[in-house]
Amino acid sequence: MKQFNILIMTFMVFSACLAQNKPSVPTSPALINESYDYIGTQFDDSDAISSGQMLGNYEKMAKTDTLASRFSGLVTEVCVAKGCWMKLKLGNGKESMVKFKDYGFFVPQELVGKEVVVNGLAYVEEMSVGDQRHFARDAGKSEEEVAAIIMVEKKYAFEADGVLIKK
């Protein structure tokens with residue numbers, strides 16, 4: 001019985017060593033795309049929808065809905081304070097406010113005007129006047145523009161766990 005216990009302990013130690021040597025970032029060829037740099041979680045862009053299709057999804061959503069999504073869009077604005085959010089153009093004058101899961105990463109200001117693919121959860125929110133003013137200040141808006149914000153607004157929002165940046 002003693003030899004059996006030693007054998008089991010040896011197997012457990014060997015298994016633990018193997019588990020520690022696994023790569024932390026997926027290296028599957030399907031996930032590596034030479035056309036993109038990534039921030040946050042790496043993912044495959046093969047099933048990403050267009051920003052126009054995403055707008056259609058947002059328009060069907062209620063305030064309490066969330067939708068796991070992956071879509072591409074043009075960056076129109078990035079937080080000037082530290083890159084803690086960005087806005088993506090959806091079409092018809094609409095945008096999606098993209099925040100990053102658990103503030104786990106930030107994006108550079110240089111993304112404005114570039115095409116990206118985001119992965120995460122889409123949702124619709126009613127943004128308070130205070131939050132709108134906070135984001136307006138983050139965007140570098142003037143105090144007159146900030147003061148003009150006086151109503152709660154329906155916003156298309158997105159919590160991204162990863163961003164692919166087209167090279």
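One-based numbering along the sequence shown. Just so you know, these numbers come straight off a predicted model, no measurement behind them.
- Taking the six-membered ring wherever Trp is involved, the centroid distance between the rings of Y123 and Y156 does not fall below 6.0 Å.
- For the atom pair K89 NZ and E95 CD, the distance stands at 9.0 Å (nearest 0.5 Å).
- Put simply, the side chain of F106 does not reach to within 4.5 Å of the side chain of I39, judged on heavy atoms.
- Side-chain contact between M86 and V116: present, with at least one pair of heavy atoms (C-beta onward) separated by less than 4.5 Å.
- For the pair F43 and R70, the minimum side-chain heavy-atom distance is below 4.5 Å.
- A continuous path of ILVMFWY side-chain contacts below 4.5 Å connects F105 to L88, so both sit in one hydrophobic cluster.
- Using a 4.5 Å heavy-atom cutoff, the side chains of K167 and D37 are in contact.
- Here NZ of K154 is found 12.0 Å from CD of E125. Values are rounded to the nearest 0.5 Å.
- Under the 4.5 Å side-chain criterion, counting only non-hydrogen atoms from C-beta, K155 is not in contact with M97.
- If you chain together hydrophobic residues whose side chains sit under 4.5 Å apart, F135 and V129 never meet in one group.
- Using a 4.5 Å cut-off on side-chain heavy atoms (C-beta onward), V163 and V117 make no contact.
- V107 places a side-chain heavy atom less than 4.5 Å from the side chain of F100.
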